[in-house]
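None of these values were measured; they are calculated from a predicted model.
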Amino acid sequence: MSKTKPQLMPDYIKESESIKTFLLGCVKENTTSSSISENDDETSFYSFHSSSSLNNTTLIYPYREMIKTLSQWNLSSIATQLNFMKFPVYLDDIHNFKQEDLVKHIMENTVRYKKLFENVIDDIVFRQPSLVGGVGSVVNDDLAIIVNNNEKDIATALNCPVELKRRYQLIFIPRSNTRIKPLRTIKGKDVGKYILMKGVVTKQTDVKAEMKIATYKCDCCSATIYQTINQNTFTPLENCIQKECKGNLLQQTRDSLFTRYQQVIIQEMSDEVPIGHIPRSMKIIVRGELTRSVTPGDAISVGGVFLPQQLSQGNTILKHSGPVASTYVEGHYIMKHKRRGSGDQQQQEEEEACYSQIERDIKELGFEEWFNKLSRSIAPEIYGHFDVKKALLLMLISGVTKERKGLKIRGDLNIILMGDPGVAKSQLLRFISHLSPRGIYTNGKGSSGVGLTAAVVKDSLTNELILEGGALVLADNGICCIDEFDKMDDYDRTALHEVMEQQSVSIAKAGITTTLNARTSVLAAANPSFGRWNPKRSVSENINLPPALMSRFDLLFLLLDKQNNENDLNLAKHITQIHQGTFQVYNDDDIEFYSPEYIRCVISKSKNYEPMISSYHAFDRKDTVASKISDIYVNMRQKDERLGKGGTQMYTTPRTLLSVIRLAQSRARLRFSNEITVQDVEEAERLIISSRTSLLDDDKRNSNRNDPVYMIYDIIRNKLQEAEGSIHLNNLQSELMGFKQEDIDKCINYFEGLNIWIANDGMIQFVSTN
């Protein structure tokens with residue numbers, strides 16, 4: 001009976017020969033582009049070669065040229081020994097070299113094969129430089145003599161760890177077809193393997209010096225001793241290890257090996273977090289040339305080795321948990337996302353197919369009908385609000401940000417939805433936060449100023465104060481949806497002033513002074529101050545928001561729950577059909593709404609365009625875009641002047657002019673055009689007028705200012721605020737002197753019916769809104 005043979009270990013000697021063959025024989029075309037990376041730092045090594053006449057050559061040996069450069073550095077002067085380079089190994093190159101098994105082994109056992117690559121490179125650089133056209137031998141290694149500083153001890157110096165002489169950092173770049181692994185799906189079976197994932201940077205530590213080789217010198221025999229450090233902690237050597245020598249060892253800091261060390265915390269993308277779950281985080285450890293490559297708020301793809309990390313025994317919380325280990329990723333590859341789908345070849349192919357479908361739909365339906373259908377596909381379960389949905393679609397696309405000579409003009413749109421409870425404001429915010437590629441949803445009542453901008457926290461590794469990005473920083477290049485905007489404290493709302501105009505967050509806390517990017521659109525929803533919206537009062541009286549903050553919103557929509565038999569019937573049918581599994585159609589014809597993936601694809605395609613205002617006949621003719629925009633601004637200013645003081649609560653400012661331009665740019669992007677047309681400007685004007693009409697819907701507002709009922713209401717409301725919510729009518733006799741008793745009773749009963757206050761036995765008390 002034959003016995004089954006046990007599974008054999010890989011032949012690492014044979015694997016080393018395969019690696020050596022690849023490094024010396026890999027040939028590539030003379031190009032600086034890469035199939036997966038968009039970072040110049042990771043592709044520049046293709047042009048890292050000697051000054052031979054490569055202009056007439058179509059093929060190069062990139063890895064051989066890099067090893068040749070390392071061998072030249074090894075034999076160079078002391079000053080050049082400080083040079084250090086990144087040595088990226090592209091797995092696509094190994095696959096194209098017909099070594100698919102080697103690629104598989106690297107992905108399965110990355111740490112082991114990284115050491116094999118380093119051993120092969122070190123062997124060529126220090127012992128066989130002639131293979132890459134270099135000269136010299138290990139005896140001429142200047143660094144070994146420099147470390148010991150004593151030519152009599154060359155034998156000892158030659159035994160120093162090879163890491164001291166290594167002038168490169170080897171990293172693996174994943175294949176272009178490698179699927180990005182969701183953070184939530186990384187399990188224990190992935191330990192030791194190379195994984196590729198994506199997330200948002202939430203926190204990073206300062207760059208520290210990590211000791212890799214400790215060098216000592218004996219005060220008795222002058223011998224040089226080396227200690228390799230592979231753990232989080234180490235015990236320094238005290239006594240000489242040479243025979244018949246009991247001398248003390250002195251640590252030589254200048255001769256020891258240090259490397260740059262940084263920890264980065266990434267969090268799941270918002271569209272990958274299941275509803276009702278907390279986003280998961282992962283610690284990334286980067287070293288050497290990969291440090292300082294990201295900042296909080298960046299969306300990145302990370303490739304690296306998933307490894308366990310033993311928790312320190314000295315941890316007070318886990319004092320008796322020696323076997324417990326945390327996990328981290330040793331970073332090899334970091335790429336910032338410039339747009340949705342970057343770095344994922346399969347997703348880019350799906351987007352190309354979607355782009356073709358978009359072009360066919362526009363050609364079949366026409367732009368205007370396609371635009372209407374696309375806007376109605378935003379939150380289709382919500383009935384009505386057609387102009388609001390169009391504005392939200394344009395906000396998702398946004399305008400073009402201008403930067404010139406230090407001056408920055410934002411292109412992102414800010415919108416606020418105000419009105420009665422129960423008109424689906426929060427549902428619209430939820431849908432937009434899930435639809436946006438980088439959407440953050442937060443509640444104004446539960447959000448503090450540091451929670452929105454940035455917080456100073458203590459690093460668990462070094463106990464130093466570091467910055468942790470808030471909601472606005474994490475929503476960089478996305479949308480931050482803030483519900484219950486009116487419930488925020490005034491101190492916390494002041495943090496939004498800089499974000500909504502300069503699109504940055506300036507921090508000066510605990511000795512940390514810096515500026516973080518917050519290039520985000522703000523979508524806010526606010527409820528009336530007391531119960532339902534009171535059409536007799538102004539906007540500022542209904543919602544207690546400062547004018548300086550309100551002027552930063554490009555569009556302000558008022559959503560009222562008005563009684564209308566036809567609308568009420570359609571709304572009732574719509575809600576009933578939702579519970580039957582269908583959506584209420586907006587026209588007599590059935591409408592098949594576009595999917596959220598389709599809308600995301602439209603947003604991704606439109607952001608590739610940067611429409612401009614044509615300078616041809618800019619102001620010479622009345623039918624040009626520039627003349628149309630200037631006429632809209634002048635007419636709005638003249639209308640405000642005619643209305644006079646108290647006639648309107650929405651004054652036209654230069655920010656209104658910029659809002660018209662941003663909306664026109666967004667619509668031009670939606671047409672996939674690089675030029676703004678008059679039709680784009682007219683649609684922007686219509687949306688602004690529509691938002692203002694909703695705010696100034698009641699023409700009787702100003703005529704009712706002198707109504708005795710509302711004059712009494714103002715007096716009682718002011719006194720209630722001074723008395724912290726409750727007051728007796730006897731304390732109001734002097735203020736209400738001159739008003740009729742029937743008007744006083746009418747005012748108390750009317751606003752008690754609106755659920756603003758409660759009157760009982762002469763006491764008036766505000767109704768709690770919490």
Side-chain angles (χ1 to χ4, degrees), residues 10-74 84-134 166-178 194 196 289 303-305 332-333 335 343 345:
D11 189 351
Y12 291 121
I13 298 178
K14 184 178 179 180
E15 293 286 80
S16 299
E17 291 297 328
S18 300
I19 294 172
K20 186 175 182 179
T21 304
F22 162 73
L23 292 175
L24 298 178
C26 179
V27 181
K28 290 189 65 69
E29 295 182 357
N30 188 10
T31 177
T32 58
S33 62
S34 175
S35 59
I36 186 170
S37 175
E38 297 183 6
N39 295 335
D40 295 337
D41 293 340
E42 295 172 0
T43 57
S44 59
F45 84 103
Y46 284 116
S47 58
F48 209 105
H49 43 65
S50 58
S51 59
S52 58
S53 58
L54 291 177
N55 294 329
N56 299 326
T57 307
T58 58
L59 298 177
I60 61 173
Y61 295 84
Y63 302 102
R64 179 189 293 182
E65 294 293 340
M66 294 185 71
I67 297 174
K68 181 178 180 180
T69 302
L70 290 173
S71 64
Q72 293 172 350
W73 283 0
N74 181 51
F84 201 87
M85 66 184 298
K86 184 164 56 175
F87 198 114
V89 176
Y90 282 73
L91 299 187
D92 275 334
D93 293 344
I94 302 177
H95 182 270
N96 296 335
F97 200 69
K98 306 302 181 183
Q99 292 191 4
E100 294 85 356
D101 292 339
L102 183 57
V103 175
K104 181 180 178 181
H105 293 162
I106 292 173
M107 297 292 291
E108 294 291 332
N109 193 0
T110 311
V111 176
R112 175 66 177 176
Y113 278 83
K114 180 184 177 182
K115 294 180 179 179
L116 290 179
F117 268 86
E118 292 173 343
N119 293 337
V120 171
I121 297 173
D122 294 338
D123 183 70
I124 299 175
V125 171
F126 299 118
R127 294 179 176 84
Q128 298 176 319
S130 59
L131 294 178
V132 291
R166 188 176 291 162
R167 296 296 167 189
Y168 64 91
Q169 178 188 7
L170 189 138
I171 58 176
F172 291 115
I173 307 299
R175 292 200 60 196
S176 57
N177 61 353
T178 303
Y194 191 100
L196 182 64
E289 302 298 307
V305 192
H332 280 242
Y333 162 79
M335 185 194 68
Q345 185 178 12

Examine distances only and state if a side-chain atom of R64 and a backbone atom of L24 form a donor-acceptor pair shorter than 3.5 Å. yes
So, do P174 and Y194 sit near enough that their side-chain heavy atoms are less than 4.5 Å apart? yes
First locate atom CD1 of I67, then atom CG of L23, and finally report the distance between them rounded to the nearest 0.5 Å. 4.5 Å
Give, for atom NZ of K86 and atom CG of L170, the distance between the pair rounded to the nearest 0.5 Å. 12.0 Å
Under a 3.5 Å distance rule, please check whether H332 uses its side chain to pair with a backbone N or O of F172 as donor and acceptor. yes
Hey, does the side chain of Q169 reach the backbone of E289 with a donor-acceptor pair shorter than 3.5 angstrom? yes
Could you work out, with salt bridge (Lys or Arg N to Asp or Glu O under 4.0 Å) as the rule, every residue matching E15, not counting sequence neighbours? none
Taking side chain as C-beta onward, heavy atoms only, is I173 less than 4.5 Å from L91? no
Does C26 offer a backbone N or O that forms a donor-acceptor pair with the side chain of D93 under 3.5 Å? no
Could you walk me through whether Q99 and F22 pass the side chain to side chain contact (heavy atoms under 4.5 Å, CB included) test, one step at a time? CA-CA 9 Å; Q99 292 191 4; F22 162 73; 4.1 Å; yes
Whether N119 side chain and K115 backbone form a donor-acceptor pair below 3.5 Å: yes
4.5 Å side-chain heavy-atom contact, L102 and F97: no
Please report the interatomic distance CD1(I19) to OH(Y12), rounded to the nearest 0.5 Å. 10.5 Å
Heavy atoms, side chains only, cut-off 4.5 Å: are M66 and P88 in contact? yes
I need the minimum non-hydrogen distance between L196 and T178, along with the two atoms involved. CD2-O, 3.8 Å
Give a yes or no on whether the backbone of H105 and the side-chain of N109 come within a donor-acceptor separation of less than 3.5 Å. no
Which residue in the set R112, R167, R166 passes salt bridge (charged side-chain N to carboxylate O under 4.0 Å, His left out) when paired with E118? R166
Gap separating the CD1 atom of I94 from the NZ atom of K98, nearest 0.5 angstrom: 14.5 Å
Are K104 and H95 close enough that some pair of their side-chain heavy atoms sits under 4.5 Å apart? no
Not counting sequence neighbours, which residues clear side-chain contact (heavy atoms from CB on, under 4.5 Å) with S16? List them please. L116, V120
Quick one: does Y168's side chain get under 4.5 Å of V125's, heavy atoms only? no
Do Y63 and F117 pass the side chain to side chain contact (heavy atoms under 4.5 Å, CB included) test, and can you show the C-alpha distance, the side-chain angles, and the key distance before you say yes or no? CA-CA 12 Å; Y63 302 102; F117 268 86; over 6 Å; no
